[in-house]
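Structure first, then comments.
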Amino acid sequence: QELFNVGNYKSAAEIFQREGMSDQSREMAESVLSDLQERLKAAVAANRNVSTSQVQSWIDSGPFTAREAVAEGLIDGIAYEDEVESQLKTGPPELLTSPASKLKLRDGLLKRLITYRRPQIAYISAEGLITSGDSRRRRGFANLLGSNTLIEFLRDARQRRRVKAIVLRINSPGGSGTASDLIWREVSLTKEKKPVIVSFGDVAASGGFFIAAAGGRILASPSTLTGSIGVIGGKFSVEKLLMKVGISVDTISKGSHATYTSPARPFSETEAGRVRAHLQDFYENLFLKRVAESRSTTVEYIRPLAEGRVWTGSQAAERGLIDQIGGIRDALEAAGKASSLERFRVVRYAQRRRLRDLLSGPVFDVFQDDGLLALMPEEFNIR
């Protein structure tokens, strides 16, 4: 492997480079886990009406059987599912039964007809590994967030007169630097016309944070993993592997660095230097500057918060990397307030499944992958 990273905490490539964690990676992991642990202890303590020290004792003494959990006060009782249903039938009179088939996330036809003429807020989901092309599913139904698809959604929402604001829901660990930059541009253009409120899901890091920097107010949950402002790029060289299995590669090229992306050979010293320079340029002149501008601060303030370091949502809020702790409902309320709307209809943008999405698997992936070597220098990843 020949992978290069910009940022002392950018640790995505360490699994290929080291036998154990770097000091920076360990420090980052300790910080994130400590924050998650403290909030977990506080939540359990409040629910069980005990001290956080008692919760820590439970953590260190577990795991427990169901009977032990009752004795310790972790749970209130033991029951099978049918016994719980029986208890509910004798519970408060306001409890009503409803078959699961009637529990739908979407609005009913009547509600859609009644609210049809209301002003709209567009809900656009940006989920998956950021890549060029169209969004799709592959390799065990994992999402790929295609720049073309998200750009199309943003343009449509921007051009529709009845759409007054956009909520961009980001759940992405990053991906292609080029694709992220294209999405950033489209979010920026949309923000010039209409309010764009950004809502983070479980993870909105690196490229996910990069595209968020083009929007307006940013909300995240306390446990969201975010930040990771840094860049990684390079390639995997299989030259030694090919030699071991008796395969030789012969090429004809015009230009000193025409084959620098080839996995059949390592980078030359000059090529490695150029790749590092490209990564540094993206980090300094795009990533850091755009984050600083979006946060209304300076690069000097953002730099120590960057370096590829991952933060939880609560840590990011304390440091000004996001604006507010909140979920989707809070983001929609913020969008309504930003567009001076008291009543509005939420319209969700979604991509229709196609035949190529159904033909998802290792064999078909070979034919629809736009970068089998995901860390090529000209299509580096910000993860």
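Just so it is clear, the model here is predicted, and its values are computed rather than measured.
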Checklist entry - Within a radius of less than 6.0 Å around CZ of Arg39, do more than 12 heavy atoms belonging to other residues, nucleotides or ligands occur? => result yes

Checklist entry - Should Glu27 and Arg309 count as an ion pair when the cut-off is N to O under 4.0 Å? => result yes

Item to check | Short side-chain to backbone donor-acceptor contact, Asp323 and Ile218, under 3.5 Å | outcome: yes

Checklist entry - Is Glu38 salt-bridged to Lys41, cutoff N-O under 4.0 Å? => result yes

Checklist entry - Less than 4.0 Å between a side-chain N and a carboxylate O, is that true for Arg158 and Glu186? => result yes

Checklist entry - Between Leu332 and Val346, is a side-chain contact (heavy atoms from CB on, under 4.5 Å) present by the stated rule, with each step listed? => result CA-CA 8 Å; Leu332 290 171; Val346 178; 4.0 Å; yes

Checklist entry - Are the side chain of Gln280 and the backbone N or O of Ala277 linked by a donor-acceptor pair below 3.5 Å? => result no

Next on the checklist: Test your reading of the model: is there a side-chain donor-acceptor pair from Thr226 to the backbone of Ala204, 3.5 Å cut-off?
Outcome noted: yes

Next on the checklist: Using side-chain heavy atoms (C-beta onward) and a distance below 4.5 Å, is Val167 in contact with Ile124?
Outcome noted: no

Next on the checklist: According to a hydrophobic-cluster definition based on side-chain heavy atoms being under 4.5 Å apart (Ile, Leu, Val, Met, Phe, Trp, Tyr only), do Leu154 and Leu189 belong together?
Outcome noted: no

Checklist outcome for this item: Tightest non-hydrogen contact, residues Ala205 and Ser228, listed as CB-CB, 3.8 Å

Next on the checklist: Between Ser172 and Gly128 (side chain of the first, backbone of the second, donor and acceptor by atom type, cut-off under 3.5 Å), is there such a pair?
Outcome noted: yes

Next on the checklist: Taking Arg274 first and then Glu269, would you say they form a salt bridge - that is, a charged N and a carboxylate O separated by under 4.0 Å?
Outcome noted: no

Next on the checklist: What I'd like to find out is whether the side chain of Ile166 reaches to under 4.5 Å of the side chain of Thr190, using heavy atoms alone.
Outcome noted: yes

Checklist entry - Under the 3.5 angstrom rule, does the side chain of Ser57 hit a backbone N or O of Ser53 as a donor-acceptor pair? => result no

Next on the checklist: Check whether Ser147 reaches the backbone of Ala179 with its side chain - one donor and one acceptor, N or O, closer than 3.5 Å.
Outcome noted: no

Next on the checklist: For the residue pair Gln56 / Asp60, report whether a side-chain donor-acceptor contact shorter than 3.5 Å exists.
Outcome noted: yes

Next on the checklist: Applying a strict under-4.5 Å side-chain criterion to I, L, V, M, F, W and Y, I'd like to know whether Val275 and Val238 cluster together.
Outcome noted: no

Checklist entry - Thinking salt bridges, do Asp330 and Arg217 make one under a 4.0 Å N-O criterion? => result no

Next on the checklist: As a quick check of understanding, evaluate salt bridge (Lys or Arg N to Asp or Glu O under 4.0 Å) for Asp156 and Arg160, giving each step before the final call.
Outcome noted: CA-CA 6 Å; Asp156 185 87; Arg160 288 184 182 272; 2.6 Å; yes

Next on the checklist: So which atom in Leu288 and which in Ala306 form the shortest heavy-atom distance, rounded to 0.1 Å?
Outcome noted: CD2-CB, 3.7 Å

Checklist outcome for this item: All heavy atoms of Ile322 vs all of Phe200, minimum pair found to be CG2-CE1, 3.9 Å

Item to check | Glu271 side-chain N/O to Ser268 backbone N/O, donor-acceptor pair under 3.5 Å | outcome: yes

Next on the checklist: For a quick check under 3.5 Å, do Thr224 and Ser221 share a side-chain donor-acceptor pair by atom type?
Outcome noted: yes

Item to check | Working for salt bridge (Lys or Arg N to Asp or Glu O under 4.0 Å), residues Glu284 and Arg303 | outcome: CA-CA 9 Å; Glu284 294 287 343; Arg303 190 180 299 278; 2.9 Å; yes

Next on the checklist: Within the structure provided, determine whether Val196 and Val187 are in side-chain contact (heavy-atom separation under 4.5 Å).
Outcome noted: yes

Checklist entry - Is there a side-chain contact between Val32 and Leu36, using heavy atoms and a 4.5 Å cut-off? => result yes

Next on the checklist: Less than 4.5 Å apart, side chain to side chain, heavy atoms only: is that true for Glu72 and Phe64?
Outcome noted: yes

Checklist entry - Should Val44 and Leu33 be counted in the same cluster of Ile, Leu, Val, Met, Phe, Trp and Tyr side chains packed under 4.5 Å apart? => result no

Checklist entry - What heavy-atom pair brings Tyr283 and Glu307 nearest, and what distance separates the two atoms? => result OH-N, 3.1 Å

Next on the checklist: When you group the ILVMFWY residues by side-chain heavy-atom contacts below 4.5 Å and let the links chain together, are Ile78 and Val84 in the same group?
Outcome noted: no

Next on the checklist: Has Lys240 got a side-chain atom pairing as donor or acceptor with Ser237's backbone, closer than 3.5 angstrom?
Outcome noted: no

Next on the checklist: Tell me whether Lys191 contacts the main-chain N or O of Gly215 through its side chain, where contact means a donor paired with an acceptor under 3.5 Å.
Outcome noted: yes

Checklist entry - Angle class for the Trp184/Phe210 ring planes (parallel below 30°, perpendicular above 60°, tilted otherwise)? => result tilted

Checklist entry - With a 4.5 Å limit on heavy-atom distance, are the side chains of Gln37 and Ile59 in contact? => result yes

Checklist entry - Would you say Glu83's side chain and Tyr80's backbone share a donor-acceptor pair under 3.5 angstrom? => result yes

Item to check | Connected via hydrophobic side-chain network under 4.5 Å: Val249 and Met243 | outcome: no

Checklist outcome for this item: In short, Gly208 meets Ile130 closest at the heavy-atom pair N-CD1, 3.9 Å

Next on the checklist: So which atom in Leu129 and which in Gly175 form the shortest heavy-atom distance, rounded to 0.1 Å?
Outcome noted: CD1-CA, 3.9 Å

